[in-house]
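To find a chain, count down the sequence lines: A is the first, B the second, and so on, and within it residues start at 1.
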Amino acid sequence: MKPADRVELFRRLQAANPHPTTELHYKNPFQLLVAVILSAQATDKSVNLATAPLFKSIKTPADLLAFGHERFEAAIRTIGLYRTKARNVMATARILQEQHGGLVPDRREALEALPGVGRKTANVVLNTAFGQPTIAVDTHIFRVSNRTGLAPGKTPLAVESRLLKVVPPEFRQDAHHWLILHGRYVCRARQPDCANCILLDLCSYGAKHV
DNA sequence: ATCCCGAGGG
DNA sequence: CCCTCTGGAT
């Protein structure tokens, strides 16, 4: 994709959604971290449904440790992958409590050392909780970047490094959420809504799928 | 490459 | 029934 088209692409996404944010519900960095770990291979909606009652009382790692593994696992069962996620979240809470003073670290290495936290989750926390211009390449961004031709790549990491090069600086902070939302609601995995896509004329894929 | 895994949509 | 959902660890 030509540089001028990249700028136009983000201008349109910005016009459609001036202040994009995550759809996960949370009140502080710890709750965000927990919600993002839980969101792997799950919809934001199902995560919010499970965390709504939990986050009323659980606001810190100490709160979660006091709440207990058994009760937490039962409370997130509807999300799926619940055994692994419960184990990872509880272990993460313990590490935060014992090694980080109960706070969520703002460095990639420390975040990725937590169980259940990989590059994608660390990027979301760095971007959304700490305002860093990272781009977390999830299933949506990977798909949108390849389909449109904005930042093609064979792996999520390849797409991420490409995006960091081609996204104009003024759009870097919000690019993450724009691409996510576009992928979720328009450039869907199954039946992309190319007919109603505001990026159609910029896209290498859309012309063949209207 | 495979496992974890429930819920919702087509 | 099948596929997908803001993946990570083995």
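At a threshold of 4.0 angstrom between heavy atoms, the contacts of A:V117 are confined to the sugar-phosphate backbone, with no base atom among them. Residue A:D44 is in base contact, counting any heavy-atom pair closer than 4.0 Å across all strands shown. Within 4.0 Å of A:T22, counting heavy atoms only, lies at least one base atom of the nucleic acid. Nucleic acid contact class of A:L114 (heavy atoms, under 4.0 Å, all strands): sugar-phosphate only.
B:dA7 sits 23 Å from C:dG8 when the P atoms are compared, rounded to a whole Å. Rounded to whole Å, the separation between the P atoms of B:dC3 and C:dT6 comes to 24 Å.
Each salt bridge (Lys or Arg N to Asp or Glu O under 4.0 Å) pair with one or both residues in residues 28-38 of chain A, not counting sequence neighbours, would appear here, but there are none. Screening residues 73-101 of chain A for salt bridge (Lys or Arg N to Asp or Glu O under 4.0 Å), with sequence neighbours left out, gives no hits. Pairs engaging residues 102-117 of chain A under the salt bridge (Lys or Arg N to Asp or Glu O under 4.0 Å) rule: A:R107-A:E109, A:R108-A:E112 [sequence neighbours left out]. Residue pairs satisfying the side-chain hydrogen bond (donor to acceptor under 3.5 Å, both in side chains) criterion with at least one member in residues 139-153 of chain A, sequence neighbours excluded, are listed as follows: A:H140-A:R143.
Contacts of A:L164 classified as side chain to side chain contact (heavy atoms under 4.5 Å, CB included), with partners at least two apart in sequence or in another chain: A:I135, A:E160, A:R172. Legend: residues meeting side chain to side chain donor-acceptor pair (under 3.5 Å) with A:D193, ordered by chain and number and at least two apart, are A:N196. In terms of the side chain to side chain contact (heavy atoms under 4.5 Å, CB included) criterion, residue partners of A:L181 (sequence neighbours excluded) are, by chain and number, A:N17, A:P20, A:E23, A:R184, A:Y185. With sequence neighbours excluded, the residues satisfying side chain to side chain donor-acceptor pair (under 3.5 Å) with A:E8 are A:R12.
Using a 4.0 Å cutoff on non-hydrogen atoms, no part of residues 178-186 of chain A comes near DNA chain B. The stretch residues 141-169 of chain A has no heavy atom under 4.0 angstrom from DNA chain B at all.
Counting only heavy atoms from C-beta outward, the side chains of A:F30 and A:I58 approach each other to under 4.5 Å.
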Base versus backbone protein contacts along nucleotides 2-10 of chain B [heavy-atom cut-off under 4.0 Å; B, S, -]: --BBBS-BS

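Expressed to the nearest 0.5 Å, how far CG of A:L111 lies from CZ of A:R119 amounts to 12.0 Å.
Taking the six-membered ring for Trp and thresholds of 30 and 60 degrees, A:F10 and A:W178 have ring planes inclined between 30 and 60 degrees apart.
Atom NZ of A:K59 is surrounded by more than 12 heavy atoms from other residues, nucleotides or ligands within 6.0 Å.
Where DNA chain C meets chain A (any atom under 4.0 Å from a heavy atom), the bounding nucleotides read 5' to 3' are C:dC2 to C:dA9.
At least one donor-acceptor pair under 3.5 Å links the side chain of A:T155 to the backbone N or O of A:A158.
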